[in-house]
Amino acid sequence: MTRRWLLKGVGALGIMAALGRLLPSYVLAGTTMAEAGFSSKLHGKTIDLRIAESPFQIGELTGIAKTINGTLPGPLIRLQEGDNVTLNVTNRLMEDTSIHWHGLLLPPNMDGVPGVSFGGIKPASTFSYRYPIRQSGTYWYHSHSGFQEQSGVYGPLIIDPIEPEPFHYDRDYVVVLSDWTFESPESVFANLKKQSDYYNFQKRAAPEFFSDVSRMGLGPALQNYLMWDRMRMDPTDFADVTAYTYTYLMNGLAPDQNWTGLFRPGERVRLRFIAATAMTFYDVRLPGLTMTVVQADGQNVQPVAVDEFRIGPAETYDVIVQPMEDRAYTIFAETMDRSGYARGTLAPRIGMTAPLPDRRPRPLRTMAAMGMHMDGMDMDGMDMADMNKHDQHGNLHSEHSGMDEPRNHATLNNHDSHEMSGHAGNASRHSMIPGSTPVKHAPGHHGTGNQSVAEFSRQQLDEPGIGLENTGTRVLVYTDLKSLAPYPDQREPGREIELHLTGHMERYMWSFDGKKYSEAKEPIFFRHGERLRFTFVNDTMMEHPLHLHGMWMHLENGAGAFLPRKHTVIVKPAERVSVAITADAPGRWAFHCHLLFHMEAGMFRVVEVSAGDPTGRA
């Protein structure tokens, strides 16, 4: 307990009461709401929220969280499609705050991003968000002010549809995945700026080098290590912040606290997974149960059965499971870097647990997976197992095998321009991997904010992601996602904007097109009413979840008229991803990487939707 709280006169009994109030009602799924003494949710057309500081405890450690209505995560807000709602947010902090309604279509001044189209909420003041509810599904809300999201200002948001849902379920649980540190987020960010691998304690060591020598031979192993050293990178870089400082939470509970949801054998249970994480990708599975994915980012999709899915910060997936046996099942969310996990249980009765699955070894990145040629490197003695991938059906894909690109348009052959129009035939393909596209950059793309440039890029939407290639499980991939109904705007995009995801790991600088937000002099301009293609090329060695405010992104994954609508899209290293957008929301909107520290380091832009580009370029 900190001296700060002691000076505020909070006694031990009062502290424990406050800690009890930190559990929102949906966490107490194993007890009745009457027993817990909580209302089940916040609902209706007018809702009051307050943001303040509260003590937060895990084990023997107590820290200070920024909470909504005294809980972490914040309360479950349940709204009705078609309603006009008012959400009054009162700021009881000593600093400005805000709430962004992630994935909701609303007026720009209600979007809650300070400095874009909203001034923020000053201390001791209340801001009223008023907007119509134009959609349904699973969403969430969080602060867009500084590092407050990392400190606890987030919560789930469910919108019930006007029309009956196209799938049946008997129970409905929200599963909020997040990450918590007892360090101040400002200290975490400062540590990363001083040393980008500050939290990486999984680097290759001498025993692993000798193992590689035995497996690959001395020459190839040494060459591989020296190549990574010359690039000042490490093949174990998967997460900037790891379990060294993070505790991974499920509905605000640590793994040993074991959040539990009840079921009766044979019931269909809906699990609404929300990745309210600041910096963490999770691989989610329920050993012994098949998950049927029915929604992605709040939008209904054609049901797809999987054993596992990767969820990045800000994404949501709704799945239905049907446990038939009278036993417990573990909900296991392992971090992509394998340094830790969040955990919960589905069980017929309170107090039941199920075994944890075996932990998987941490993977290693390869040069090829990062879009780098390996010319001049002796490949004869190298074990290529790490460079082979199996899809969720057990089919082998090699990094050196050709693969079709699931795009709905021809590959463009002019990548020298930041903005390109129309279709221009097929690009010449002479990179290391057949099916990839050589990366060319416009002047300025190689700015000081870009440490390295991928030599080729390719679509990887049919690949589960590194660390999930050879699991023996059916893993959800983006090409599995198909909208339940054809999307309304079937126009072919009239122009294309290409944006490069850039970064400098050693200096911990993150940017678009080599420029931090503070260096970007102009917004990205969309013409109101146009249909355009937004193409992302990842020049970095890390995955980035990209989030566009105010408009849907239709992921061009080969689904024809059934392209899935997403508000957040993960782009893998050396990947080229295109989304189609209908610019139907006039105003200024945020576009950024949803890794919080990447956004704060500069991976942020403003998209302006207007009648025309004032610069005359659009």
Requested in this report: To the nearest 0.5 angstrom, please state how far the CD1 atom of I77 sits from the NE2 atom of H43.
Outcome: 12.0 Å

Report task. Decide if the gap between the ring center of H594 and the ring center of H142 is smaller than 6.0 angstrom. Result -> yes

Report task. Quick one: sort the H567 and Y139 rings into parallel, tilted or perpendicular, breaks at 30° and 60°. Result -> tilted

Requested in this report: Not counting sequence neighbours, list each pair that qualifies as a ring pair (Phe, Tyr, Trp, His ring centres under 6.0 Å) and has a residue in residues 331-355.
Outcome: F332-Y341

Report task. Could you tell me which residues satisfy salt bridge (charged side-chain N to carboxylate O under 4.0 Å, His left out) with D326, sequence neighbours excluded, listed by chain and number? Result -> R349

Query - Point-to-point distance, once rounded to the nearest 0.5 Å, from CD1 of I331 to CG of L271 - result: 5.5 Å

**Report entry** W510 ring center near F597 ring center (under 6.0 Å)
**Finding:** no

Query raised in the report: When rounded to the nearest 0.5 angstrom, what is the spacing between OG1 in T260 and CE in M250?
Result: 10.0 Å

**Report entry** Cationic N near anionic O, under 4.0 Å, D172 to R272
**Finding:** yes

Query raised in the report: Is the side chain of D297 donor-acceptor paired with the backbone N or O of Y317 at a distance under 3.5 Å, no angle test?
Result: no

Query raised in the report: Which class fits the ring pair H100 and H102: parallel under 30°, tilted 30 to 60°, perpendicular over 60°?
Result: perpendicular

Requested in this report: Please indicate whether R359 has more than 12 foreign heavy atoms, meaning atoms of other residues, nucleotides or ligands, lying under 6.0 Å from its CZ.
Outcome: yes

